[in-house]
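Before any comments, here is the structure.
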Amino acid sequence: MTLFDIISLVVGVLLLVIAFLAINAKKLINSVLFLSALSMLAVVSFVLLKAPDVAITEAVIGSGLVTALFIFTLLSVRKEETK
Amino acid sequence: MSAILLVAVPLLVAFLSILTKKFAPYLLILVGLFNLVMLFLLQDGTVIIGGFDQPLGINLFLNLYSRIALLLINGLIVIIALLNIREYGKFGSILLLAMAGLNGLVLTVDLFNFFVFLEISGIAAYLISASNKKPTNTFQYLALGAVGSSLFLFGLIILYAMFGTLNMSAMITAITANDNYTDVILPFTLMFIGLGVEAKLLPFNSWVKGVLGNSNTMSGPMIASVYAAALSFVLGRLIDKLFVFEGTLLTVVTVILTAGILLGDMMAFSSKKTREILLFSSVAQASIIALLFVNGILAWAVWLIVANALSKTVMFLVINKAVKDIGCDETKSLRGLFTNNIIVGIAFTLATLSVMGMPLLVGFIIKLRFLTSLAALGQIWLIAIILIASLIEGIYFVRLLVKLWFKEDNEISVKYNVSFKLVFVILALALLVFGTYTAPYKSITIDDSVTEVILSD
Amino acid sequence: MKIKNLFGLLLSLVLGVFIILAMNNSEIFPAFGEANIAGRVSQDYFADANVAEVGSANIVTAIVIGYRGFDTLGEVTVLFISALGVAIIFGGKKQSRLDLQFKPNFMLRVGSRVLFGIILVTSFYIIFHGHLTPGGGFPGGAIIASAVLLLYLADDRFRSNVKGFKILEGVAGSLFVIIGLLGLVLATYFLQNFLPVGTVGDLLSAGIIPVIYVLIGLKVGSEISGIVDNFLTEEGSA
Amino acid sequence: MIQYAAIILFVFGLYGLFVNRNVIKMIVSLNIMEIGLNIFIISIGFNYEGIAPILTSTTANGLIYVDPLPQALVLTAIVIGVGTTALGLAIAKSIHKTYNTFELDETGDAE
């Protein structure tokens, strides 16, 4: 079991666990945070699979902007409830 | 002067149209007319993009099959844009992008490029359906459309991993060279399901009821006739050339499609809302068209798509305009719609009779010919099912026409302005003329080579 | 855990295992890790003649712009439609910022201006070196958008110049298509490279690839900033 | 192992989409499906001895490269995913504004 196999096994299992948690999370905020953790793991697996271009793009877009958009939607909704 | 202008010019004008919001609809009509003129000037052939030929770069391919599709798409978009200028001017740039997406979808020969244009026309369709002011239905359409194109990409990538190329013609030669059919069953089913979502085939089209159920004079005809026609053309080319259906896969696909025909017509039979009747009948028609492509009857499938698109445009425009003025969609509230606008009534009746397949109209000739071709292929069961479906179709369309013509007590005031009437008359006349004058069907020969994706020089 | 979820989970696992098995026992589907590019189209991307003709050291960029530029044009249109769609769905006159009950102090507001400059420099670096090192138009543009996002978060009265971004977006997009049409007019094919290619590996090489990547970077940056602006503002009085 | 995880991730996204009726959860499942698909696309081009497809010095030939074409495709797929997600979130916000809930079942006309 080379080092690469061990790391890819850990990343693979983590991917599945976090995806399951993201789908069945009770609160929306938890589900969004799990999604952002999932896209960070995707960046790790892209680096493992020797795809640097895609890793940079996924890092900036996936965990950066997509999570931000999700959180802005949830914040604007919570503001309406408190009004 | 290459076929690329059909995609590049609408894109360029769309990018510029956001700077001048007011002129977007007029630019749309200008570009539409430009495309129609271009279609008569362009010769058939393969167009190379980016300077690298087929295995490395992307090619477009223009032949008689895609020429008919492009004429239909661009013509109908110009007509729909002309009728909806005042009310939906804001959607000018979106319709431009939809036109670019659909033209690219029909022209491209590269599979991943096909996925990108499927995504462009898909997102444009979500926004067109957003004009219905029903966010939940638009969201369901977006969710299902995204699932469909992801499944298509999944199947496409498996094919790339196996055969190492993305170009359709190279893929076809590689698949025929590797005669082990069990390898390609999984990618073909994934891609068929992926396209089935957009092409409204039955088990995957739960979005149709919501989106077309409360459509308006712009989104109804656009999604029901233009998008349906484009995707039927494209699905047909893939079914005929790429997906070689055999054995169990063929029976599964035929069962799905025949179930689609019967269930679609039964749902239309049992629904009370006029627009639901129309959308379920177009679901049944889409399944019939896909069935014809699976059995290799190309010519009549193409003419069925064209006739269906024209008559559905007329029907959806008439009903959506009436529903907008009256507000309610039930058939009993539209009773007696045609008593005080006779011309519109005649055009609607001709279109409905053509969809049913009544003599003296285009629908009759097409239905007769494709049934005889099916008989030649010995598909007795399919003919029985299609005849039963047409019987059900006849019943609910005649019931609808009776309601719309003979008014009860209530008085309906729906006014169609002149431009609507002009379009209805032209389309109805086209259905009538081509119903009786059958020369063009023989002169324009559509045989197996037409959906060829490489120019067999 | 309701029974429905458990049943759905099992069903999806069965479907996943079925797909994996279906692919494992087909012998022409390459196993994980043995993808030899000899049998595939991408073998020719490394051929010296093609590398010299396109001139980009980063082969992925050569494919994204040089060989398959039409895909990228289509994909930039996808982002253009979603920015347009978000603007249409939100509609309405947008004046006031969404107040998120978060009052930034003075230090944060000034500090974020400094950081904004630094992030912009890194994003331009990534865009300009797109054809040499990993990165390029898409991540570069997204980093510009995250710099604008930083200003939005750090300062609750900040409103980016939305009109300016719209014009930049329209101009960058149409310039991309015009370069394609120039390729059609000057050279013989749409999006063909008509600039000198230079030697592989130095900054000013690979013909139209850096020019197109700068345009894509500006367009992606302005589009995503427009989307962020739409998400962070609401109607309401000025 | 990563390729199997990617396929199961893709199927998880499908499962999540059909199980949840909450709009935000459905968009999260859509993103999970796209992430799974992107990792799968990259994994078919991977080679154990391969290196990243960037020509450092043009003299060293005979190196084994990872397949660059799937990476170019994934660049496009990621940005298409962002486009669909941004549109989905905008529609989610307008759903919340009209029906004041994210649950599709409580929005009345959704079958």
Side-chain angles (χ1 to χ4, degrees), chain B residues 2 4-5 7-9 11-19 47-52 55-58 60 90-91 93-94 97-98 100-101 104 108 110 112-113 116-117 119-120 123-124 126-127 130-131 135 138 154 158 160-167 170 178 180 182-186 190, chain C residues 18-19 22-23 25-30 35 37 39-45 50 53-54 63 65-75 77-78 80-85 87-89 91 166-167 169-178 180-181 183-184 187-193 219:
Chain B
S2 77
I4 185 65
L5 294 178
V7 178
V9 168
L11 279 185
L12 181 62
V13 173
F15 288 146
L16 294 174
S17 71
I18 60 164
L19 304 180
V47 171
I48 294 169
I49 296 178
F52 294 91
L56 295 176
I58 296 169
L60 303 181
K90 192 154 64 92
F91 285 84
S93 15
I94 290 192
L97 289 160
T108 184
D110 187 272
F112 187 75
N113 206 356
V116 171
F117 279 116
E119 204 56 50
I120 292 176
I123 292 187
Y126 309 150
L127 288 173
S131 70
T138 311
F154 193 25
I158 295 175
Y160 171 74
M162 289 183 190
F163 301 111
T165 169
L166 278 175
N167 188 292
N178 157 48
N180 177 355
T182 53
D183 294 337
V184 285
I185 286 182
L186 179 67
L190 288 174
Chain C
F18 166 71
I19 292 178
M23 280 200 291
N25 61 33
S26 99
E27 63 281 358
I28 47 174
F29 184 81
I37 56 174
R40 292 188 180 171
V41 164
S42 37
Q43 167 80 6
D44 314 334
Y45 292 130
N50 289 339
E53 190 178 344
V54 174
I63 296 176
I65 305 278
Y67 301 105
R68 301 181 68 93
F70 200 47
D71 275 353
T72 315
L73 178 63
E75 180 274 325
T77 328
V78 165
F80 176 76
I81 296 187
S82 5
L84 197 63
I88 282 185
I89 287 178
K166 263 245 179 296
I167 293 169
E169 180 189 344
V171 163
S174 33
L175 272 181
F176 186 4
V177 180
I178 286 167
L181 292 174
L184 188 66
T188 49
Y189 300 115
F190 185 75
L191 274 180
Q192 189 168 18
N193 181 5
K219 188 173 189 356

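Residue numbering restarts at 1 for every chain, and letters A, B, ... go by the order of the sequence lines.
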Between [X] and chain C, with a heavy-atom cut-off of 4.5 Å, which part of the residue counts as in contact: side chain, backbone, both or neither?
{"X": "B:Ile48", "result": "both"}
{"X": "B:Thr182", "result": "neither"}
{"X": "B:Ile49", "result": "both"}
{"X": "B:Val13", "result": "neither"}
{"X": "B:Ile120", "result": "both"}
{"X": "B:Ile58", "result": "both"}
{"X": "B:Ile185", "result": "neither"}

Name all residues meeting the side-chain contact (heavy atoms from CB on, under 4.5 Å) criterion together with B:Ala98; count only those two or more places apart in sequence or in a different chain, and write none if there are none.
B:Ala124, B:Ile128, B:Met222, B:Tyr227
Would you check, one step at a time, whether the test side chain to side chain contact (heavy atoms under 4.5 Å, CB included) holds for B:Leu5 with C:Leu181?
CA-CA 9 Å; B:Leu5 294 178; C:Leu181 292 174; 3.8 Å; yes
Which atom of C:Met23 lies closest to which atom of B:Leu186, heavy atoms considered
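For C:Met23 and B:Leu186, the tightest heavy-atom pair comes out as CG-CD2, 4.0 Å.
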Considering all heavy atoms of both residues, which atom of C:Pro30 and which atom of B:Ala161 are nearest to each other, and what is their separation?
CD-O, 3.3 Å
Residue pair [X] / [Y], side-chain heavy-atom distance below 4.5 Å:
{"X": "B:Val116", "Y": "C:Leu73", "value": "no"}
{"X": "B:Val9", "Y": "C:Val177", "value": "no"}
{"X": "C:Phe80", "Y": "B:Leu97", "value": "yes"}
{"X": "B:Phe15", "Y": "C:Glu169", "value": "no"}

Go through B:Leu11 and C:Thr77 one step at a time and tell me if the side chain to side chain contact (heavy atoms under 4.5 Å, CB included) criterion holds.
CA-CA 8 Å; B:Leu11 279 185; C:Thr77 328; 3.2 Å; yes
Please check if the distance between the ring centroids of C:Phe70 and B:Phe117 is under 6.0 Å.
yes
Side chain, backbone, both or neither: which part of C:Ile65 has a heavy atom under 4.5 Å from chain B?
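Neither part.
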Counting only heavy atoms closer than 4.5 Å, note whether C:Ile89 contacts chain B via side chain, backbone, both or neither.
side chain
Nearest-0.5 Å distance, [atom1] of residue [X] to [atom2] of residue [Y]:
{"X": "C:Ile178", "Y": "B:Leu16", "atom1": "CD1", "atom2": "CG", "result": "6.5 Å"}
{"X": "C:Ser174", "Y": "B:Leu19", "atom1": "OG", "atom2": "CG", "result": "7.0 Å"}
{"X": "C:Ile88", "Y": "B:Ser93", "atom1": "CD1", "atom2": "OG", "result": "6.0 Å"}

Looking at B:Ile94, B:Asp110, B:Leu166, which makes the most heavy-atom pairs under 4.5 Å with chain C?
B:Asp110
Against chain C, work out which of B:Ser2, B:Ala130, B:Ser17, B:Ala8 has the most heavy-atom pairs shorter than 4.5 Å and name it.
B:Ala8
Take C:Ile167 and B:Ile18 through the side chain to side chain contact (heavy atoms under 4.5 Å, CB included) test and state the conclusion after the steps.
CA-CA 8 Å; C:Ile167 293 169; B:Ile18 60 164; over 6 Å; no
I'd like to know whether C:Ile19 forms a side chain to side chain contact (heavy atoms under 4.5 Å, CB included) with B:Phe154, so could you lay out the CA-CA distance, the side-chain angles of the two residues, the decisive distance to 0.1 Å, and finally the verdict.
CA-CA 11 Å; C:Ile19 292 178; B:Phe154 193 25; 4.0 Å; yes
If you count heavy-atom pairs under 4.5 Å between each of C:Ile63, C:Val78, C:Asp71 and chain B, which one has the most?
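When all of C:Ile63, C:Val78, C:Asp71 are compared, C:Asp71 has the most.
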C:Phe29 vs B:Phe163, ring pair (Phe, Tyr, Trp, His ring centres under 6.0 Å): CA-CA, chis, key distance, verdict
CA-CA 8 Å; C:Phe29 184 81; B:Phe163 301 111; over 10 Å; no
